[in-house]
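Take a look at the structure set out below.
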Amino acid sequence: MYVVLDTSVLVAGLRSNRGASFQILQAVRWSDIRIAVSVALVLEYEAVLLRPGLVPGFRPEEIGRFIDALCRLAVHQEIFFAWRPFLPDPDDDLVLELAVAAAAPFVITHNISDFVRSDTLGVRAITPAEALNLI
């Protein structure tokens, strides 16, 4: 399975090792899921995950190592065409643009409603639980 991970999945997966988001991160680690990243998305990952108190139990340097590990496992995709504005939230637009540029058929997110009409661009927004069912 080839996907783009929305930041919400990383936050949930780091906050708890009991849910579907954690299992998604494990699937990435074991190459059951391949992910695409862009410079913009990695910068968003970093900005969000480094917010004080958002992922308790992780020091900034641990967050940095986690993001570095994701980048080592990911397909690095440049984006040459912007679809903005397409979605209600510009932060979601950068996730969708990456999925389109990388030809990734899925965005895994907890915020399905934020990706309305993404299917018109060939990208289906699915929850972590739905992704696990597909693999």
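These numbers come from a predicted model, not from an experiment.
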Open item on the list: Tell me the closest heavy-atom pair linking Y2 and P105, and the distance in Å.
Closed with: O-CD, 3.3 Å

Open item on the list: When you compare the side chain of V28 with that of L5, does any pair of heavy atoms fall below 4.5 Å?
Closed with: yes

Task: ILVMFWY network linking F22 to F58, side-chain heavy atoms under 4.5 angstrom - done: no

- [ ] Starting at CG of L14, measure out to CG of L54 and round the result to the nearest 0.5 Å.
- [x] 9.0 Å

Open item on the list: How close do A74 and H76 get, counting heavy atoms only, and between which atoms?
Closed with: O-CD2, 3.2 Å

Task: Non-hydrogen atoms of T109 and N111 that approach each other most closely - done: OG1-N, 2.9 Å

- [ ] State plainly whether one hydrophobic cluster holds both V42 and I33, where clusters connect Ile, Leu, Val, Met, Phe, Trp and Tyr through side-chain heavy atoms under 4.5 angstrom apart.
- [x] yes

Task: Side-chain heavy-atom pair I79, L94 within 4.5 angstrom cut-off - done: no

- [ ] State whether the side chain of S8 and the backbone N or O of H110 hold a donor-acceptor pair below 3.5 Å, judged by distance alone.
- [x] yes

- [ ] Mark yes or no for whether D119, through its side chain, and R124, through its backbone, hold a donor-acceptor pair below 3.5 Å.
- [x] no

TODO: Give the cluster check for V4 versus I112: same hydrophobic cluster or not, with ILVMFWY residues linked at side-chain heavy-atom distances below 4.5 Å.
DONE: no

Task: pair L70-L10: side-chain heavy atoms closer than 4.5 Å - done: yes

Task: Connected via hydrophobic side-chain network under 4.5 Å: L98 and V75 - done: no

Open item on the list: Can you tell me if E78 has over 12 outside heavy atoms packed within less than 6.0 Å of its CD?
Closed with: no

Open item on the list: How long is the straight-line distance from CD of E61 back to CG of D68, given to the nearest 0.5 Å?
Closed with: 12.0 Å

Open item on the list: I'd like to know if the side chain of R117 and the backbone of L87 have a donor-acceptor N/O pair within less than 3.5 Å.
Closed with: no

Task: Closest approach of E130 to T127 (non-hydrogen atoms, all atoms of both residues) - done: OE1-N, 2.7 Å

Task: Value rounded to 0.5 Å, distance of CZ in R51 from CD1 in I63 - done: 12.5 Å

Task: Cluster link L121 to I126, ILVMFWY, side chain under 4.5 Å - done: yes

Open item on the list: Could you measure the distance from the CD atom of E46 to the CZ atom of F66? Nearest 0.5 Å is fine.
Closed with: 12.5 Å

- [ ] Could you check if a side-chain atom of V48 sits within less than 4.5 angstrom of a side-chain atom of V11, using non-hydrogen atoms only?
- [x] yes

Open item on the list: Let me confirm one number: the OG-CG distance from S118 to D93, rounded to the nearest 0.5 Å.
Closed with: 11.0 Å

Task: Minimum-distance pair of heavy atoms, taken over all atoms of L50 and P60 - done: CD2-CA, 3.7 Å

Task: For the student: nearest non-hydrogen atoms of L96 and F115, plus distance - done: N-CE2, 4.4 Å

Open item on the list: To the closest 0.5 Å, what do you measure between CZ (R15) and CG (L49)?
Closed with: 11.0 Å

